[in-house]
Amino acid sequence: MTMLQPLLSHQFAATIWRMEIDELTDTLVLEVRNETEKQVSFASVSLTTGQLNFEGFTTDERWLAGVDALYNNVALLHYYKHENGPEHKGITAIDAGTSAPVWNNYSLALSHLSINGPIVYNTALQPKKLVLIDAQTGQTLRNASPEDKPLANSIVIPSLLPASDFVEGSLPEAPFGNIVHSLNHNGYRIVSLHTLKNGGLQQRIYILDGETIRYTDLLNEDIQKLQPEAFVIHKNALVYVKNRTNIIVLAL
């Protein structure tokens, strides 16, 4: 039985800080932060083909910017109102496949994505007034209404389970801390667990087909504490980050 191979394995020069997926086009946009140089940049990946669409895209704001959401191949980037606070102010929209500029508005902030498009508000107005905008132009379409239900996504995260939930001998290794992140998908069981190796704590991912290991990778080593869930599934794409800087995508 052959081993699974990644669609994409790409190393960035800085930390992958945040990831957002476009439910409509299966595009992944990553926020990459270089804390030494105080520079944030953005990259894009197709979860269907594994193609790296672009990387190293930056805005005029070096550090106080991030990715908010994606809608129908438009990535909505935001700015921070204050350096030490989470409040957002301003939206820059770019093409999620090419990084080409689409529109910007420095008065708006994103509330959430609806099935009809982005719901935003003017940060200068109180009380907050929610409106629906056209993601392609940034133009206001109408006031938000109950028909603008939140856009559901296909992201699935693993369950956190005690090792005792697994049949004895069914795990590739005995997990440190007795905790396993586990998810079943398309006949595979994907597990992430921590082990002690040579006195150090490390985290590994396995893709199991019955009792056969079809894929494995070392995610982190010489870590000080148990890490959160190591992977997500979006439709049939398994996505995980290795050593904080390497993005890997597999088709399951």
Side-chain angles (χ1 to χ4, degrees), residues 12-45 47 53-144 148-153 155 232 234 239 241 244 247:
F12 292 98
T15 301
I16 298 170
W17 193 261
R18 181 181 174 92
M19 299 188 295
E20 291 290 338
I21 297 174
D22 186 348
E23 185 63 25
L24 303 179
T25 66
D26 301 335
T27 302
L28 170 72
V29 166
L30 304 97
E31 177 183 323
V32 181
R33 289 191 172 271
N34 186 323
E35 296 190 64
T36 302
E37 298 182 8
K38 292 295 182 185
Q39 176 70 71
V40 60
S41 64
F42 304 91
S44 167
V45 170
L47 295 182
N53 296 321
F54 64 82
E55 67 175 312
F57 175 81
T58 59
T59 67
D60 291 339
E61 169 54 57
R62 287 182 58 86
W63 186 242
L64 299 180
V67 58
D68 230 342
L70 286 82
Y71 185 86
N72 200 19
N73 205 47
V74 174
L76 304 175
L77 311 181
H78 71 83
Y79 302 97
Y80 287 101
K81 199 170 185 179
H82 307 290
E83 184 172 1
N84 298 315
E87 248 187 305
H88 295 178
K89 181 180 180 180
I91 297 175
T92 288
I94 63 171
D95 187 298
T98 67
S99 78
V102 178
W103 57 268
N104 59 63
N105 187 314
Y106 296 106
S107 299
L108 299 180
L110 179 71
S111 171
H112 62 279
L113 292 182
S114 79
I115 58 175
N116 297 313
I119 303 296
V120 304
Y121 60 95
N122 189 317
T123 58
L125 300 180
Q126 292 294 333
K128 187 185 294 185
K129 180 181 178 182
L130 299 181
V131 297
L132 173 71
I133 63 169
D134 184 333
Q136 305 295 328
T137 65
Q139 297 300 306
T140 298
L141 298 176
R142 55 174 169 76
N143 291 337
D148 299 316
K149 301 184 187 318
L151 178 67
N153 65 58
I155 297 171
V232 298
H234 181 265
V239 182
V241 174
R244 302 178 67 198
I247 182 74

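We count residues from 1, following the sequence as given. Bear in mind the structure is a predicted one, so any value in this text is a computation, not a measurement.
Using cut-offs of 30° and 60° for the angle between ring planes, the Tyr106 and Tyr79 rings count as tilted.
A distance of 10.0 Å separates NZ of Lys149 from CG of Asn116, quoted to the nearest 0.5 Å. In this structure, OG1 on Thr59 lies 9.5 Å from CD1 on Ile94, to the nearest 0.5 angstrom. To the nearest 0.5 angstrom, Ser111 atom OG is 7.0 Å from Ile119 atom CD1. A distance of 4.5 Å separates OH of Tyr80 from NE2 of His88, quoted to the nearest 0.5 Å. Between the CG atom of Asp26 and the CG atom of Leu47 there is a distance of 6.5 Å, given to the nearest 0.5 Å. Asp134 CG to Arg142 CZ: the interatomic distance, rounded to the nearest 0.5 Å, is 12.0 Å.
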Going through the distances and angles, do Leu24 and Asn73 end up as a side-chain contact (heavy atoms from CB on, under 4.5 Å)? CA-CA 8 Å; Leu24 303 179; Asn73 205 47; over 6 Å; no

One pair to check against side chain to side chain donor-acceptor pair (under 3.5 Å): Asp22 and Thr27. What are the steps and the verdict? CA-CA 5 Å; Asp22 186 348; Thr27 302; 5.0 Å; no

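Residues meeting the side-chain contact (heavy atoms from CB on, under 4.5 Å) test with Ala100, sequence neighbours left out: Asp95, Thr98.
Closest approach of Asp148 and His112 over heavy atoms only: O-NE2, 4.3 Å. Smallest separation of non-hydrogen atoms from Ala135 and Val102: O-CG1, 4.4 Å. For Ala69 against Leu110, the heavy-atom pair with the smallest separation is CB-CD2, 3.7 Å.
The backbone N or O of Val67 lies less than 3.5 Å from a partner atom in the side chain of Glu31, making a donor-acceptor pair. Remark: the backbone N or O of Ala96 is paired with a side-chain donor or acceptor of Ser44 at under 3.5 angstrom. When atom types are taken as modelled, the side chain of Arg33 and the backbone of Trp63 share a donor-acceptor pair closer than 3.5 angstrom. Looking only at distances, a side-chain donor or acceptor of Gln136 sits under 3.5 Å from a matching main-chain atom of Asn72.
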Please output the side-chain donor-acceptor pairs of residues 122-133 that fall under 3.5 Å, not counting sequence neighbours, one pair per line with the distance.
unit_1: Asn122; atom_1: OD1; unit_2: Ala124; atom_2: N; d: 2.9
unit_1: Thr123; atom_1: OG1; unit_2: Ser107; atom_2: O; d: 3.2

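Among Thr25, Val29, Leu113, Leu28, the single residue meeting the side-chain contact (heavy atoms from CB on, under 4.5 Å) criterion with Leu70 is Val29.
Contact of the Arg244 side chain with the Phe12 side chain is not registered, since no non-hydrogen atoms from C-beta on lie closer than 4.5 Å. Taking 4.5 Å as the limit, every side-chain heavy atom of Glu23 sits out of range of all side-chain heavy atoms of Tyr71. Contact annotation: the side chain of Asn153 never approaches that of Ile21 to less than 4.5 Å [non-hydrogen atoms, C-beta and beyond]. Leu76 is listed as a side-chain neighbour of Val74, based on a closest heavy-atom distance under 4.5 Å. With contacts defined as side-chain heavy-atom distances shorter than 4.5 Å, the pair Val40/Arg18 does not qualify.
Around atom CH2 of Trp17, no more than 12 heavy atoms belonging to other residues, nucleotides or ligands sit under 6.0 Å away. Within 6.0 Å of the NZ atom in Lys38, the count of heavy atoms belonging to other residues, nucleotides or ligands exceeds 12.
Residue pairs meeting the salt bridge (charged side-chain N to carboxylate O under 4.0 Å, His left out) criterion with at least one member in residues 53-79: none, sequence neighbours excluded.
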